[in-house]
Amino acid sequence: MNGNIGDKKGKVNIFYFLRFVHLTEGVWIPRGRNLDTQKVEFANSFLGTNYTQGVLSNWLNFVCNHCEELGLVERIKTGTPYDRAVLTTLGSRVLGFIEMDLHLKREKVQIPLQIL
């Protein structure tokens, strides 16, 4: 990660996906290109985007596969239209590390402002 989360789009995608899995408990990984309207609205709100249902489904599947290859999540197949993704120990640690790093960077900016 070399301390620069915004350096590459892949890192940002991984961070947002890991947070998404953490918030949704990983139960919203579509098996196809269909997502409920409520899920599309939540995901777009969370990501700050305006993706269509198909684009959002493709993004979730692509990043899920990428994170699975890196050993950050484990994908569990279900009999429903949605699979489940669970953070691995490494995935949980990576998410915690990235969040802590971002928090420390925000604090570095805020502390000098509070002193003045």
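No experiment lies behind these values; they were computed from the predicted model shown. Counting from 1, the numbers follow the sequence of the chain as shown.
Taking the ring axis of Tyr16 as reference, the NZ or CZ atom of Lys11 does not stay both within 45° of it and closer than 6.0 Å to the ring centre.
When each of Val21, Leu87, Leu90, Val63 is tested with Leu72 by the rule side chain to side chain contact (heavy atoms under 4.5 Å, CB included), just one qualifies, namely Leu90.
Cluster annotation: Val86 and Val27 are assigned to distinct hydrophobic clusters (Ile/Leu/Val/Met/Phe/Trp/Tyr, side-chain heavy-atom contacts under 4.5 Å, transitive).
Proximity of Lys39 to Tyr82: side-chain heavy atoms (C-beta onward) are separated by under 4.5 Å at one or more points. The closest side-chain heavy-atom distance from Glu99 to Phe15 is below 4.5 Å. A heavy-atom distance below 4.5 Å is found between the side chains of Arg106 and Leu102. Between Leu18 and His22, every side-chain heavy-atom pair lies at or beyond the 4.5 Å cut-off.
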Query - Criterion side-chain contact (heavy atoms from CB on, under 4.5 Å) on Arg84 and Lys77, from CA distance to verdict - result: CA-CA 7 Å; Arg84 182 169 188 155; Lys77 303 286 184 184; over 6 Å; no
Requested in this report: I would like to know whether Leu47 and Leu56 meet side-chain contact (heavy atoms from CB on, under 4.5 Å); could you show each step before the answer?
Outcome: CA-CA 10 Å; Leu47 296 170; Leu56 197 53; 3.8 Å; yes
Query raised in the report: side-chain contact (heavy atoms from CB on, under 4.5 Å) between Phe46 and Thr24: does it pass, once the steps are laid out?
Result: CA-CA 11 Å; Phe46 174 75; Thr24 63; over 6 Å; no
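To the nearest 0.5 Å, atom OG1 of residue Thr52 and atom CZ of residue Arg33 are 7.0 Å apart. To the nearest 0.5 Å, atoms CG (Leu60) and OH (Tyr51) are separated by 10.5 Å. Atoms CD and OG1, on Glu74 and Thr88 in that order, are 8.5 Å from each other to the nearest 0.5 Å. The CD1 atom of Ile98 sits 7.5 Å away from atom CD1 of Ile14, with the distance rounded to the nearest 0.5 Å. Taking SG of Cys64 as the reference point, atom NE2 of His66 lies at 11.5 Å (rounded to 0.5 Å). The distance from atom CZ of Arg75 to atom CD1 of Ile29, rounded to the nearest 0.5 Å, is 6.5 Å.
Of the N and O atoms on the side chains of Asn13 and Trp59, at least one donor lies less than 3.5 Å from an acceptor on the other residue.
Although no hydrogens or angles enter the test, the distance criterion places a donor-acceptor pair under 3.5 Å between the side chain of Ser57 and the main chain of Gln53. One N or O on the side chain of Asn61 and one on the backbone of Pro30 form a donor-acceptor pair closer than 3.5 Å.
Between Asp83 and Thr78 the shortest heavy-atom distance is OD1-N, 3.3 Å.
Residue-environment remark: CZ (Arg93) stays at or below the threshold of 12 foreign heavy atoms within 6.0 Å.
Classification of the Phe20-Phe42 ring pair by plane angle, with boundaries at 30° and 60°, yields tilted.
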